[in-house]
2 protein chains.
Amino acid sequence: MSAPGNRGRRQAEAERNDRALLQAAREVLAADGAHASVASIAARAGVGIGSLYRRYRTKEELFQRLSALSLEHWNEAAERGLADDDPWRGLKGFITACVEFGQGSLSPVAGTIEVTEQMAASSARGDELLAALVARAHEAGVLRADVTAVDISLLIEQLGTSPLLDQLRKQGRDDLVGAAMEARARLVTIAVDGLRAVHTEPLPGGAPSGGLFTERWARAPEPPATGARGSGRAG
Amino acid sequence: MSAPGNRGRRQAEAERNDRALLQAAREVLAADGAHASVASIAARAGVGIGSLYRRYRTKEELFQRLSALSLEHWNEAAERGLADDDPWRGLKGFITACVEFGQGSLSPVAGTIEVTEQMAASSARGDELLAALVARAHEAGVLRADVTAVDISLLIEQLGTSPLLDQLRKQGRDDLVGAAMEARARLVTIAVDGLRAVHTEPLPGGAPSGGLFTERWARAPEPPATGARGSGRAG
DNA sequence: CGATCGCGGAGTGGATTGCTCCGCTCGTGC
DNA sequence: GCACGAGCGGAGCAATCCACTCCGCGATCG
């Protein structure tokens, strides 16, 4: 900031630290929920608390950044999926990417942080992209007809939240994390197979309305309309 | 204790309180993780903290009781499944029952409480029952061949942990809880459909070994053998 | 109508948390 | 080769939260 000419090794290390911080925050948040402490995040990232607080002025700011990045990742994955010629492969790739990225680990912070305009906009765009992905798959006849976009959102959130993975990481059993991720990949394949159009058994209950999951980011339970709000999607 | 003859209305109310306490503990535990406070549990159950502590001497004792009950429920559900003539319907009923009961909400306490002998025994029996359920379905040719018992355990844990449900309960939106449960029931149907034998796409990676998930209940990361230990199953 | 029992919740010491501040290390410019 | 300062890690602080104890009160039973 002060001296405008220094873009050396210092800065590169700072960026690496930032990435480590964000990844650590994702993992600790998934394991400990919204009560995750900044100390544990910094420790997991291998940086000092001071470094964390130079980059993010408050804990909430860090969580907001994390949420914004997750929403961006969602949108990028959806765009990649739409870019695929095969509607089914595109949808499946989208779901897999979101689950593996850990989309859904941010669910616990929903309702505890202020929603920025950027997040709201990103979220709205994500809804459109997912709707397009689902509509295309429906038209191609590869996705069972009674599955909605909300079902997909929920599926990603459910599979993207892995108690086993979280616990292993929390206990420091990093050697088993890879195996656990492989095991989860199996579940994703199973669940995605269940989405294919070949099934005949109808889904129970009526199709879930998007409205049910619309206000999850709102802070307080009482006010039904809080202005900017996220979608029903995970993290 | 002192007067041995009073088994009147008092006792009935006490039992109701106990049930409310256990259900509340399940919900709060699912929402807040292992850090769930006894105060919030008591509040959710609508009883005073004092009442909680007269029944359970410590927080850990309450969690142990909860774990034991979950394991029992798992076994009962598995036995009901085995009692069903149709191997497929039996397996599906078992999975559905476990998910809806909230099996998996206890995952966060794994590794934080002492494992009692009763829990260890119950857990071992649960493993046997599930293995029988899976073997029977395999023999009948209704379950895809590359699915293992560990896959089923993991599936139940994943689907039994619902961030959306937890958040709604935490925010007090009890009016939406029913809808969220219905939405999750749809996911269960989808995932279970993916388990059927008709699918041809192989599951990625090797079949997960049970050993990977065996030591989840052990308290510390270092000691590899802690004596009594649970299975890889949820809750 | 008095004795008794279970109930709810205020109170308490200790642990934890978000955040600040500061001494130190090490890359950088001369 | 040296002085400088940016960025680092983590000790420290006030506020909060936690598990658990203790006690007054109202309902129930003989």
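When the P atom of dC7(C) is taken as reference, atom OH of Y56(B) falls 12 Å away, rounded to whole Å. One can place CD of E61(B) at 15 Å from P of dA19(D), the figure rounded to the nearest angstrom. Straight-line distance from the CG atom of L62(A) to the C1' atom of dT17(C): 15 Å, rounded to whole Å. Rounded to whole Å, atom P of dA27(D) lies 16 Å from atom CG of N17(B). Separating the NZ atom of K59(A) from the P atom of dT17(C) is a distance of 9 Å, rounded to the nearest angstrom. In this structure, OH of Y53(B) is placed 12 Å from P of dC18(D), rounded to the nearest angstrom. For L21(A) and dC8(D), the CG to C1' distance is 13 Å, given to the nearest whole Å.
Centroid-to-centroid, the aromatic rings of F94(B) and W74(B) come within less than 6.0 Å.
In this structure T161(B) satisfies the side chain to side chain donor-acceptor pair (under 3.5 Å) test with no other residue, sequence neighbours excluded. Scored by the side-chain contact (heavy atoms from CB on, under 4.5 Å) test, T148(A) finds V150(A), D151(A), A207(A), P208(A), R186(B) as partners (sequence neighbours excluded). Partners of A39(B) under the side-chain contact (heavy atoms from CB on, under 4.5 Å) rule, at least two apart in sequence or in another chain, are S37(B), I49(B). Annotation: side-chain contact (heavy atoms from CB on, under 4.5 Å) contacts of D175(B) (sequence neighbours excluded): R173(B). Under the rule for a side-chain contact (heavy atoms from CB on, under 4.5 Å), the partners of Q23(A) that lie at least two apart in sequence or sit in another chain are R26(A), E27(A).
Between R55(B) and dC7(C) there is a side-chain polar atom (N or O) within less than 4.0 angstrom of OP1 or OP2.
A heavy atom closer than 4.0 Å to some atom of DNA chain C occurs in G46(B), V47(B), G48(B), I49(B), G50(B), S51(B), these being the qualifying members of residues 25-52 of chain B.
Among the heavy atoms of the strands, none lies under 4.0 Å from R57(B).
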